[in-house]
Student: 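The structure follows.
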Amino acid sequence: NLPYTATEEEILESFRVCGKILDGGVRIARNHSTGQSKGFCYVEYKNEEGALASVQKAAKPFGLQVQGRPVFVDYDEGTMKNSFRGGDGKLWAKEHGDGGGGGGRGGGMRGGRGAMRGRGRY
């Protein structure tokens with residue numbers, strides 16, 4: 001339920017209070033044709049504690065907000081789809097050397113709308 005106008009920087013600012021976020025760890029899901037945000041993103045923390053802290057903080061009324069809007073947070077240890085594209089339309093896996101099955105809207109172990117992605121390797 002992210003605002004469609006939210007930027008990676010605004011999301012990073014809101015979520016960094018919960019823990020260290022990896023470089024390039026905020027990825028907004030976008031329509032590959034139009035570049036329009038789909039209203040959800042992935043946030044990848046350096047460790048599991050940061051990811052779990054964001055889930056707990058978001059569960060409280062007005063706990064985590066982006067552009068003044070409370071956001072829903074889910075935890076996912078799966079890997080993102082190889083088809084994930086960044087804001088520039090390039091395949092994220094090719095650019096950053098990460099990928100694999102799962103993740104994405106409704107995929108992965110517990111992915112889906114409003115998902116915030118934790119990292120399964122610690």
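For the single chain, residues carry numbers from 1 onward in sequence order. The structure presented is a predicted model; accordingly, all values stated were derived computationally and were not measured.
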Student: Which is it for Gln36 and Tyr4 under the side-chain contact (heavy atoms from CB on, under 4.5 Å) test, yes or no, and what are the steps along the way?
Tutor: CA-CA 7 Å; Gln36 171 76 26; Tyr4 292 125; 3.3 Å; yes

Student: Could you pull out all residues at least two apart from Ser33 that satisfy side chain to side chain donor-acceptor pair (under 3.5 Å)?
Tutor: none

Student: Between atom SG of Cys41 and atom CG of Leu2, what is the distance when rounded to the nearest 0.5 Å?
Tutor: 4.5 Å

Student: My understanding is that only residues two or more places apart in sequence, or in another chain, count here; which of them pass side-chain contact (heavy atoms from CB on, under 4.5 Å) with Ser14?
Tutor: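 Testing Ser14 for side-chain contact (heavy atoms from CB on, under 4.5 Å), a comparison that skips the adjacent residues, returns Val66.
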
Student: Using a 4.5 Å cut-off on heavy atoms from C-beta on, say whether the side chain of Phe15 contacts that of Ile21.
Tutor: yes

Student: Within the distance-only criterion (no hydrogens, no angle test), does the side chain of Asn1 pair as donor or acceptor with the backbone N or O of Phe72 below 3.5 angstrom?
Tutor: yes

Student: Decide yes or no for Ser54 and Val43: does some side-chain heavy atom of the first lie under 4.5 Å from some side-chain heavy atom of the second?
Tutor: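 With C-beta onward as the side chain, the pair stays apart.
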
Student: Of all heavy-atom pairs between Gly19 and Tyr45, which one has the smallest distance, and what is that distance?
Tutor: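 Gly19 and Tyr45 have their closest heavy atoms at O-CE2, 3.6 Å.
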
Student: Please list, chain by chain and in numerical order, all residues satisfying side chain to side chain donor-acceptor pair (under 3.5 Å) with Arg69, sequence neighbours excluded.
Tutor: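 Expected list: none.
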
Student: Pair Ile28, Tyr42 - check side-chain contact (heavy atoms from CB on, under 4.5 Å), show working.
Tutor: CA-CA 6 Å; Ile28 297 174; Tyr42 296 90; over 6 Å; no

Student: In terms of side-chain geometry, is the basic nitrogen of Glu48 or Lys20 positioned less than 4.0 Å from the acidic oxygen of its partner?
Tutor: no

Student: Please identify each residue that fulfils side-chain contact (heavy atoms from CB on, under 4.5 Å) with Lys57, with sequence neighbours left out.
Tutor: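 Testing Lys57 for side-chain contact (heavy atoms from CB on, under 4.5 Å), a comparison that skips the adjacent residues, returns Val17, Cys18, Leu64.
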
Student: Of all heavy-atom pairs between Tyr75 and Ala51, which one has the smallest distance, and what is that distance?
Tutor: CE1-CB, 3.4 Å

Student: Start with the C-alpha distance between Gln65 and Val71, add both sets of side-chain angles, then the distance that settles side-chain contact (heavy atoms from CB on, under 4.5 Å), and finish with yes or no.
Tutor: CA-CA 6 Å; Gln65 298 182 39; Val71 294; over 6 Å; no

Student: Residues two or more places apart in sequence or in another chain: which of them pass salt bridge (Lys or Arg N to Asp or Glu O under 4.0 Å) with Glu10?
Tutor: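 Checked Glu10 against salt bridge (Lys or Arg N to Asp or Glu O under 4.0 Å); zero matches.
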
Student: Rounded to the nearest 0.5 Å, how far does CD of Glu49 lie from CD of Gln56?
Tutor: 10.5 Å

